[in-house]
Chemist: 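Starting off with a structure, shown below.
Below, chains carry the letters A, B, ... as their sequence lines are ordered, and counting in each starts from 1.
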Number of protein chains: 2
Amino acid sequence: MVVRILEHPGRDAITIDGVLSALADPVRRSIVSQLADGHSEQACIAFDLPVTKSTSTHHFRVLREAGVITQRYRGTAIHNDLRREDLDCRFPGLLDSVLMAG
Amino acid sequence: MVVRILEHPGRDAITIDGVLSALADPVRRSIVSQLADGHSEQACIAFDLPVTKSTSTHHFRVLREAGVITQRYRGTAIHNDLRREDLDCRFPGLLDSVLMAG
DNA sequence: GCCGTAGTACGTTGGAGATCGTAGTATGAT
DNA sequence: ATCATACTACGATCTCCAACGTACTACGGC
């Protein structure tokens, strides 16, 4: 067995640049929306996305590295979660306004 | 004398995708910040930006086409303004959260 | 052990966009 | 008319990134 720990930026390492760039992509906004709609605790494959598996891996990674989501292994699957508190702390109102926009 | 009218999207034509993509660039966020800091009524050249004039023209254009700013000729200069009301109407809280972030 | 599931790594491709320089236009002042 | 100012248009790079397919690893069940 190997380590399998995914790197996440600390709360203070989350930048407005990274978050806005991450959220500028419609596929990634879709992931965030689905997470916000109680789609939490789900594997990556459970999301409804118009791209292949390898592309979706890329998008989840961008979201994680920007500090928008957390990813933790659970068996072979990955447990995805929105970093609501961290985002609300760093950039109050940003996540909500983007979610509200559709 | 020639027309010299710059195209702007109507309020309802402003998309979250366009706005987030526009605001994802640090140079453009700097323009928006300076506009918000009472830097209104200013020519493009009056902004403090780390790029050449032609590049700054590009960025102002992107902001205008995304519906973030208005641009109107005033002599040879351009009068730039933030579309606060339109943005607040379409995506409440978004502009403020981005401005707050620095 | 073997297989299926979930996701990653890697290389490639295509398209978008950030940057620049040069040449140009419109306006206002002299 | 001439000139300076402010900005644009255009073309050229160059970089980034979204997307894909293939090959791979890790885990869990049989």
Chemist: Can you tell me which nucleotide in C:dT19, D:dC17, D:dA26 comes closest to the side chain of A:Thr76?
Modeler: D:dA26

Chemist: What is the distance, to the nearest angstrom, from the CD atom on B:Glu7 to the C1' atom on D:dA9?
Modeler: 17 Å

Chemist: State which of D:dT22, D:dA18, C:dA6 makes the closest approach to the side chain of A:Val62.
Modeler: D:dA18

Chemist: Figure out the CG/P separation between B:Leu49 and C:dC20, and round it to whole Å.
Modeler: 11 Å

Chemist: When you get a sec, tell me which of C:dG7, D:dC20, D:dC7 is the closest nucleotide to the side chain of B:Ile45?
Modeler: D:dC7

Chemist: Does B:Thr55 have a side-chain nitrogen or oxygen under 4.0 Å from the phosphate oxygens OP1 or OP2 of C:dC20?
Modeler: yes

Chemist: Considering only D:dA9, D:dA18, D:dC7, which nucleotide approaches the side chain of B:Ala77 most closely?
Modeler: D:dC7

Chemist: Would you mind reading off the distance between A:Asp25 atom CG and C:dG17 atom P, rounded to a whole angstrom?
Modeler: 12 Å

Chemist: It should be established whether B:Arg28 places a side-chain nitrogen or oxygen under 4.0 Å from OP1 or OP2 of nucleotide C:dA18.
Modeler: yes

Chemist: Under 3.5 Å, is there a donor-acceptor pair linking the side chains of B:Thr52 and B:Thr55?
Modeler: yes

Chemist: Under 4.0 Å: is that the gap between some side-chain N or O of B:Thr57 and OP1 or OP2 of D:dT8?
Modeler: yes

Chemist: Atom CG of B:Leu20 to atom C1' of C:dA16: distance rounded to whole Å?
Modeler: 17 Å

Chemist: With a 4.0 Å cut-off on heavy atoms, is A:Tyr73 in touch with a base, just the backbone sugar-phosphate, or nothing at all?
Modeler: sugar-phosphate

Chemist: Check this one for me: any side-chain N or O of B:Arg61 less than 4.0 Å away from OP1 or OP2 of D:dC7?
Modeler: no

Chemist: Does the side chain of A:Phe47 come within less than 4.5 Å of A:Asn80's, by heavy atoms?
Modeler: yes

Chemist: Looking at A:Thr70, is its backbone amide N or carbonyl O close enough to the side chain of A:Arg64 to form a donor-acceptor pair, meaning the two atoms are under 3.5 Å apart?
Modeler: no

Chemist: Just compare D:dA18, D:dC7, C:dA18 and give me whichever is closest to any side-chain atom of B:His58.
Modeler: C:dA18

Chemist: Return no unless some side-chain N or O of A:Thr52 is found under 4.0 Å from OP1 or OP2 of D:dC20.
Modeler: yes

Chemist: Look only at the side chain of A:His79 and the backbone of A:Ala77, and say whether a donor-acceptor pair between them is shorter than 3.5 Å.
Modeler: no

Chemist: According to a strict under-4.0 Å criterion, is A:His59 in side-chain N/O contact with OP1 or OP2 of D:dC17?
Modeler: no

Chemist: Separation of B:Lys53 atom NZ from D:dC7 atom P, in whole Å?
Modeler: 8 Å

Chemist: Round to the nearest Å and state the distance from A:Arg72 atom CZ to C:dT8 atom P.
Modeler: 15 Å

Chemist: Give the rounded distance in Å between these two atoms: CZ of B:Phe60 and P of D:dT8.
Modeler: 9 Å

Chemist: Does any N or O in the side chain of A:Arg90 come within less than 3.5 Å of the main-chain N or O of A:Ile14, such that one atom is a donor and the other an acceptor?
Modeler: yes

Chemist: Can you tell me the distance, in whole Å, between the CG atom of A:Leu63 and the P atom of D:dC17?
Modeler: 14 Å

